[in-house]
Structure formats: structure tokens, C-alpha cells
Amino acid sequence: MAWETVIGLEVHAQLSTQSKIFSGSSIAYGAEPNTQANLVDLGMPGVLPVLNRKAVEMAIRLGLAIDATIAPRSIFARKNYFYPDLPKGYQISQFELPVVAQGHLDITLEKGESKRIGITRAHLEEDAGKSLHEDFDGQSGIDLNRAGTPLLEIVSEPDMRSAKEAVAYLKKLHALVRYLGVCDGNMQEGSFRCDANVSVRRPGEPFGTRAELKNLNSFRFIERAINYEVERQIELLESGGRVVQETRLYDPDRDETRSMRGKEDANDYRYFPDPDLLPLEFDQAYVDALAENLPELPDDKKNRLMSDVGLSAYDASILVSDKAVADYFEAVAAGRDGKQAANWVINNLLGKLNETGQDIEETPVSPDQLGGIIDLIKKGDISGTIAKELFEIVWNEGGDPAAIVEERGMKQVTDTGAIEAAVDEVIAANPDKAEQAREKPNMAGWFVGQVMKATGGKANPQSVQQLVRQKLGIE
Ligand code: ADP
Ligand code: MG
């Protein structure tokens with residue numbers, strides 16, 4: 001009998017606040033070590049944490065977006081463990097009563113069918129500092145800039161059954177936090193990181209023992225790490241071994257996971273309510289006001305693009321998959337034909353970005369510029385072929401599309417007199433082909449091609465088509 005993979009994911013999303021969750025220090029990335037750590041972050045005796053209202057707001061917004069229950073009363077707890085970069089000896093987190101519980105996210109599987117993934121909880125907590133091992137020979141440095149950075153830990157149900165499903169869930173969640181503006185999603189800087197819990201079982205049997213793959217920070221590595229781990233567990237079980245509950249690290253260079261440490265159970269942390277913080281309480285009016293102000297979310301946007309603009313499910317899902325892409329598309333489509341805008345964004349812009357390995361944020365062609373190109377096609381100033389050339393020019397050199405067309409004489413020839421002359425010339429130069437075309441009308445295409453060539457692609461294709469048929473006497 002085959003094995004079934006079971007995956008549950010824990011995502012740590014760094015909230016996009018200005019300051020830390022319990023202190024006024026900045027959370028900006030990349031500062032000199034220990035320049036953004038104040039007495040609270042250093043865990044000095046006698047100081048008290050003060051909760052950041054914005055962090056709470058962001059947690060609730062995420063909760064609303066995943067249709068979760070927002071707890072009107074939740075509490076902060078101390079999770080006790082020793083680590084050199086955790087000066088207090090405990091992390092402030094939420095345990096029994098998280099602010100967000102019982103939500104879900106729908107993912108789209110390969111064949112287009114949808115699957116609902118449960119989200120057990122999302123709780124607020126503080127990040128720890130960082131131990132720096134590289135720059136110090138035989139010693140470690142401690143940087144407490146990250147200590148106290150607000151995190152939302154989003155814990156899924158063990159509902160995923162393959163690495164692909166896990167990646168689909170993560171991409172969806174990643175897009176969602178960016179739409180909501182609660183997390184910048186920067187995976188390189190660790191603003192959005194994932195622990196994958198992986199086990200295997202025979203279908204129908206109880207869940208197997210899980211291994212936790214820690215701190216995966218790229219979609220590609222997550223997929224590979226899970227696939228490797230599944231193979232490892234299956235081999236182990238089939239050779240009579242047992243999976244132990246442990247934390248493992250993925251090594252991308254060797255494409256394998258290695259044991260890091262045994263995995264504690266929750267009761268090993270001796271959680272208890274933090275006596276320094278009051279319970280977190282708010283009323284329904286406060287939650288309702290936040291709900292009112294949610295932006296249009298990816299699923300709603302996708303549905304709207306399909307029903308109002310008439311895009312296919314596939315095209316719509318590409319455009320909504322990333323907030324920056326969606327914003328770009330909407331800017332191009334405003335006041336223009338939505339389908340045409342979608343085609344240009346997907347086939348030309350995203351195609352080119354893919355080719356050059358750039359992000360939408362780095363695009364050299366702005367929505368205004370691309371919109372300008374589309375307007376020129378609409379006005380009949382340029383053909384689709386010239387538009388592609390123009391796109392290349394704008395991509396490489398920048399500039400205003402209309403001005404470029406003017407300056408470089410790229411305007412389409414709509415003057416029928418000029419086109420007529422070119423048609424006459426081509427027919428005169430190819431009398432035998434003209435004879436054949438009168439017999440076989442689809443030969444007319446060859447003449448159209450020749451005339452387009454003779455006019456440097458600038459003749460209006462419809463006029464050429466019409467004139468060629470007319471002059472050859474084809475109906
Ligand atoms: P911990 O902090 O100990 O990792 P959490 O409750 O925060 O515990 O997270 C547990 C995660 O592991 C959840 O995402 C859950 O869905 C997942 N999980 C639990 N049991 C299994 C299992 N047998 N196989 C795979 N994933 C599991
Ligand atoms: Mg965990």
C-alpha cells in the first residue's frame with residue numbers, strides 16, 4: 001500500500017509596524033548590531049512591556065481575511081527557554097487564548113480544483129535576537145536588534161498532502177499578508193518564514209510522528225525539503241525504523257535535511273500567563289471597523305476580473321497572485337480595454353520580467369508607459385507588431401511612447417494612397433505569383449507580407465489586406 005504525506009505549516013510573518021511589539025525601538029532591517037535595542041528589548045529588570053496597538057490591528061485584519069474567530073479576550077504567556085539571544089529567558093507569546101483561531105484558506109490545485117486548508121490559530125509574539133557566528137573567530141556575537149520584533153505565528157491544520165499543496169498554501173498566504181499590508185513578505189530578510197511539519201502514514205491510519213523542518217525561506221527550498229523528508233521517512237519506516245519527533249534543518253547545497261535537536265512538547269516550555277501584561281480585550285465595534293476597512297482580497301479580485309473584465313480563471317489568477325502585479329494591472333487597465341491590458345501585462349511585461357529574472361518592482365516600463373503603448377494601438381497609430389518593437393525600446397531606453405513613435409517615424413501608414421502604391425509595386429514585380437493568387441485566394445497573404453515588409457511594418461494591416469484583395473480581384 002502507498003504512503004500518504006501529511007503536512008502542517010507554521011508561518012512566522014513579521015508585522016509591518018514601525019516599532020517593536022512591546023517597546024518603541026525601530027524594527028527597520030539592516031541597522032548596525034544593537035543600535036535598535038532598548039531596555040525592554042534587552043530584558044532589563046524593572047522595565048515593563050507596552051503592547052503595540054498596530055500589531056494587534058494587523059493580527060485582527062489577517063484573522064478577518066481568513067474568516068477566523070477573533071477572540072474578544074486573549075492573553076499573553078511566557079514561553080520559557082534559555083537561548084543566548086533571548087535575554088529575558090522567556091519569549092512573550094500567546095498560548096491558550098490566541099487572538100485569532102479557526103480560520104481557513106482555499107488553495108487551487110493543479111487541475112484547477114479548490115481545496116480548503118484549516119488554520120488552527122494565529123497568535124502574536126515577539127521575535128528573539130540573532131546569534132552571529134560568522135564574523136567572530138571562536139566566539140559568537142549577539143545582535144538584539146531583532147529582539148521584540150512583532151510576529152504573527154500562523155499555524156495550519158495538518159491538511160496538506162503534498163509538497164505542492166504546501167507551496168500553494170504558502171504562496172496564497174504570502175499574497176494575502178501583502179494585500180493586507182500586514183507583512184512585507186520579504187523572505188530573504190526573514191520577514192516571512194516557514195516551519196514545515198512532515199509525517200507519513202498508510203491512508204486511513206492515525207497520523208505518524210512528525211519531523212519539523214525549521215526556518216525555510218524560499219518556496220523552492222520548501223518544496224525540495226519536504227520531498228526529501230518524505231522520502232527519508234518512508235525509507236526509514238520501510239526498513240523497520242521509527243521516525244522520532246525532532247527539529248531538522250534543510251541544507252540546500254546538499255539537498256538533504258539533518259537533525260538539529262529533539263523537539264520539545266508544549267509542556268516543556270512551562271507556559272504561564274505574563275503578569276506584566278493585561279489581557280488583550282476589545283469590543284465588536286472595534287473589530288467591525290477593521291473589517292470595513294479591509295482592501296479587496298485576492299479571491300474577490302480574481303472573481304471580479306473574471307466576471308467584470310471577462311478574463312479566464314487562469315489569467316485572473318496570474319494577475320492577483322501578487323499584490324504588486326495586481327496593482328500594476330489595475331493601473332494599466334484603468335480607462336482601457338481590460339482584456340487587452342491583461343494580455344500586455346501577462347504576455348509582454350511578465351514574460352519579459354521572467355526572461356530577465358526581475359521582479360515587478362524593478363520593471364523599467366511603468367504602467368503609464370505600457371498604457372501609452374496600448375493607447376497608440378487603439379488610436380490606430382501603430383500596429384501590434386510595431387507596438388512590440390516600441391515596448392522593447394521603452395524597456396531599454398525609457399521615454400514617452402507617443403513621442404518615440406513621432407520622433408522615429410514609427411507611425412502606421414493609414415494613407416491609402418501610399419499603401420496603394422506599395423501594393424501596385426509588389427504586384428507588378430511578381431506577375432506570376434499574382435496570377436496564382438487569383439486561382440488560389442489564400443496566396444494573398446504572401447502579398448500582404450511583402451507590402452508590410454516594403455513599408456517597414458508601418459502600413460495598417462487591414463488596409464493592406466483590403467487593397468491586395470481588391471487589386472488582385474479576389475472577393
Ligand atoms: P509546535 O510549536 O510544537 O511545533 P504547534 O501546535 O505550534 O506545535 O504546531 C504544530 C504544527 O504541526 C501544526 O501546523 C500542525 O498542523 C502540524 N502537525 C501536527 N501533527 C502533525 C503530524 N502528525 N504530521 C504533520 N504535521 C503535524
Ligand atoms: Mg513548531
Side-chain angles (χ1 to χ4, degrees), residues 3-13 59 62 66 68 74 76-81 83 86 90-105 107 115-128 151-170 172-174 192-216 222-223 225-234 236-237 242-250 257 259-271:
W3 292 93
E4 183 180 45
T5 302
V6 174
I7 303 161
L9 299 173
E10 295 162 75
V11 168
H12 286 91
L62 186 274
I66 57 169
S74 63
F76 287 96
R78 291 185 178 180
K79 180 179 185 181
N80 299 283
Y81 61 98
Y83 232 64
L86 185 71
Y90 60 86
Q91 176 193 24
I92 305 178
S93 182
Q94 295 194 301
F95 183 55
E96 278 157 89
L97 276 178
V99 60
V100 169
Q102 290 173 318
H104 58 80
L105 209 58
I107 59 171
K115 174 171 176 176
R116 178 155 289 188
I117 308 296
I119 295 180
T120 320
R121 55 190 276 145
H123 63 254
L124 283 162
E125 63 183 25
E126 59 177 345
D127 208 346
L151 299 178
L152 189 65
E153 178 170 343
I154 305 157
V155 182
S156 88
E157 290 290 314
D159 285 349
M160 286 148 280
R161 293 292 173 269
S162 68
K164 283 225 156 34
E165 287 185 22
V167 170
Y169 166 85
L170 283 171
K172 191 81 188 266
L173 187 58
H174 186 257
F192 187 93
R193 47 194 202 260
C194 165
D195 302 341
N197 295 273
V198 179
S199 66
V200 297
R201 66 170 173 184
R202 300 292 191 187
E205 291 196 347
F207 287 146
T209 303
R210 66 181 156 127
E212 183 189 48
L213 311 178
K214 203 82 188 155
N215 280 339
L216 299 163
I222 288 162
E223 185 165 347
I226 292 174
N227 284 330
Y228 173 88
E229 181 59 20
V230 168
E231 287 306 308
R232 185 190 73 87
Q233 291 185 12
I234 291 175
L236 189 64
L237 292 169
R242 280 180 47 228
V243 176
V244 290
Q245 182 169 317
E246 63 182 354
T247 297
R248 299 178 70 87
L249 278 188
Y250 176 66
T257 65
S259 179
M260 184 164 94
R261 56 170 187 252
K263 168 82 188 151
E264 305 83 353
D265 279 316
N267 55 10
D268 295 322
Y269 289 115
R270 298 292 185 267
Y271 279 97

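What you see is a predicted model; the values in this text were computed from it and never measured. Position 1 is the first residue of the sequence, and the numbers go up from there. Whatever order the structure lists them in is the order used to number ligands and atoms, beginning at 1.
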Handout entry: Side-chain H-bond candidate by donor/acceptor type, Arg270 with Asn80, under 3.5 Å
Key = no

Problem - Matching residue for Lys214 among Asp195, Thr247, Thr257 - test: side chain to side chain donor-acceptor pair (under 3.5 Å) - result: Asp195

Exercise for the section: Answer yes or no: is there a donor N or O on one side and an acceptor on the other, between the side chain of Lys79 and the main chain of Phe95, under 3.5 Å? Expected result: no

Problem - Donor-acceptor under 3.5 Å (Gln94 side chain, Val99 main chain) - result: yes

Element-labelled atoms of ligand 1 that are located less than 4.0 Å from some non-hydrogen atom of [X]:
X	result
Gly208	23 (N)
Glu157	16 (O)
Ser156	13 (C), 14 (O), 15 (C), 16 (O)
Val155	9 (O), 13 (C), 14 (O)
Glu212	4 (O)

Problem - Check: Thr209 N/O within less than 3.5 Å of ligand 1 N/O - result: no

Handout entry: Under 3.5 Å: N/O of Val198 near N/O of ligand 1
Key = no

Fill in the blank from the handout: Note: Leu9, heavy atoms under 4.0 Å from ligand 1, region reported as backbone

Practice task
Report yes if some heavy atom in the side chain of His12 is under 4.5 Å from a heavy atom in the side chain of Asn215; otherwise report no.
Solution key: no

Problem - Note, Glu205 side chain near Glu4 side chain (heavy atom, < 4.5 Å) - result: no

